[in-house]
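Everything below concerns the one structure shown next.
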Amino acid sequence: MVLEVPEYEVKDIKLNQKLTIKPEVFEKKISYPGIITKISRVSQVSKNTSENVLQVEVKPTEEIPHIVPGFKVSARIYLGDEEPGIIIPSTSLLFDGTNYFIYISDENGNIQKRIIEFKDLKGDKVIITKGLSQGEIFITNPNDNLKSGDTIEITISENSNNSSQKRGRKHNDRD
């Protein structure tokens, strides 16, 4: 995959740098991890804007289903030493007066309160830095009546903001 990086951001990128790739083919933009494999040494005018850009080749580090050559993708390159976390909707967070927490669920719908640490993002999402593992089920819109030990009906959707539960997915995104 080849991305265009504006000339004013080139100083911050390097080979093997982590990034996320978002194929536009998906209804809800699901992110996949990748790395930079090649950086062009020649600037050119962007095919999409009038900016000077460098072409950067990237490679996904896990398989991206249903993608073929020619599909459009967007990407976010991570600058600095910041290690990415898991991105969830901010509506998943609750506060008990002392700690922020989320509710997680097992496959049977049994829920537990989980204290988490997070970083703010722009928009309606946060990066969970501690307290949620990739693949865990969490409730995206919990109500105030939930408590640990309750049982819920599980409806999992990784492509919709309207679902009440989602699986934690490792993202490297700062929208």
Taking atom [atom1] of [X] and atom [atom2] of [Y], what is their separation to the nearest 0.5 Å?
{"X": "Ser148", "Y": "Ile104", "atom1": "OG", "atom2": "CD1", "result": "8.5 Å"}
{"X": "Glu117", "Y": "Thr129", "atom1": "CD", "atom2": "OG1", "result": "5.0 Å"}
{"X": "Ile152", "Y": "Ile111", "atom1": "CD1", "atom2": "CD1", "result": "5.5 Å"}
{"X": "Leu94", "Y": "Asn143", "atom1": "CG", "atom2": "CG", "result": "9.0 Å"}

Non-hydrogen atoms of [X] and [Y] that approach each other most closely:
{"X": "Lys59", "Y": "Ile21", "answer": "C-CD1, 4.4 Å"}
{"X": "Ala75", "Y": "Leu19", "answer": "CB-CD1, 3.9 Å"}
{"X": "Gln112", "Y": "Gly149", "answer": "NE2-N, 3.7 Å"}
{"X": "Phe138", "Y": "Pro89", "answer": "CE1-CD, 4.0 Å"}
{"X": "Pro142", "Y": "Ser92", "answer": "CG-O, 3.9 Å"}
{"X": "Leu15", "Y": "Ile39", "answer": "N-CD1, 3.9 Å"}

Results of side chain to side chain donor-acceptor pair (under 3.5 Å) for [X] - residues two or more places apart only:
{"X": "Asp144", "result": "none"}
{"X": "Asp106", "result": "Asn110"}
{"X": "Lys113", "result": "Asp96"}
{"X": "Thr37", "result": "none"}

(request) Mind checking salt bridge (charged side-chain N to carboxylate O under 4.0 Å, His left out) for Lys147 and listing every partner two or more places apart, or none if nothing turns up? (result)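 If we apply the salt bridge (charged side-chain N to carboxylate O under 4.0 Å, His left out) test to Lys147, skipping adjacent residues, the hits are Asp150.
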
(request) Please identify each residue that fulfils side chain to side chain contact (heavy atoms under 4.5 Å, CB included) with Ile116, with sequence neighbours left out. (result)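 Ile116 satisfies side chain to side chain contact (heavy atoms under 4.5 Å, CB included) with Leu93, Tyr100, Ile102, Arg114, Phe118, Ile128 once adjacent residues are dropped.
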
(message) Tell me every residue that passes side chain to side chain contact (heavy atoms under 4.5 Å, CB included) with Pro65, counting only those two or more places apart in sequence or in another chain.
(response)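 For Pro65, the residues satisfying side chain to side chain contact (heavy atoms under 4.5 Å, CB included) (neighbours in sequence not counted) are Phe26, Tyr32.
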
(request) May I ask you to test the Pro33-Glu62 pair for a side-chain heavy-atom distance under 4.5 Å? (result)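 Contact flag for Pro33/Glu62 side chains = yes.
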
(message) Contact between Ile88 and Ile127 at the side-chain level, heavy atoms closer than 4.5 Å - yes or no?
(response)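 No. Closest side-chain heavy atoms not under 4.5 Å.
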
(message) Run the side-chain contact (heavy atoms from CB on, under 4.5 Å) test on Val2 and Lys38 for me, step by step, so that the C-alpha distance in whole Å, both residues' side-chain angles and the decisive distance to 0.1 Å come before the verdict.
(response) CA-CA 9 Å; Val2 179; Lys38 184 177 179 182; over 6 Å; no

(request) Tell me, please, which residues at least two apart from Phe71 pass ring pair (Phe, Tyr, Trp, His ring centres under 6.0 Å). (result)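 Listed in chain order: nothing, the list is empty.
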
(message) Tell me if a side-chain donor or acceptor on Ser31 pairs with a main-chain N or O of Thr20 at a distance below 3.5 Å.
(response)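 Looks like no, no N/O pair under 3.5 Å.
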
(message) Membership question, hydrophobic clusters at under 4.5 Å side-chain separation (ILVMFWY): are Ile35 and Val5 in the same one?
(response)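 Result: no, two separate clusters.
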
(message) Is there a path of hydrophobic side-chain contacts, each under 4.5 Å between heavy atoms, that joins Ile64 and Val68?
(response)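 Shared cluster, yes.
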
Determine all donor-acceptor pairs shorter than 3.5 Å in which one atom belongs to a side chain in residues 49-58; sequence neighbours excluded.
{"residue": "Thr49", "atom": "OG1", "partner": "Ser46", "partner atom": "OG", "Å": "3.4"}
{"residue": "Thr49", "atom": "OG1", "partner": "Glu51", "partner atom": "N", "Å": "3.2"}
{"residue": "Thr49", "atom": "OG1", "partner": "Glu51", "partner atom": "OE1", "Å": "3.4"}
{"residue": "Glu51", "atom": "OE2", "partner": "Tyr8", "partner atom": "OH", "Å": "3.3"}

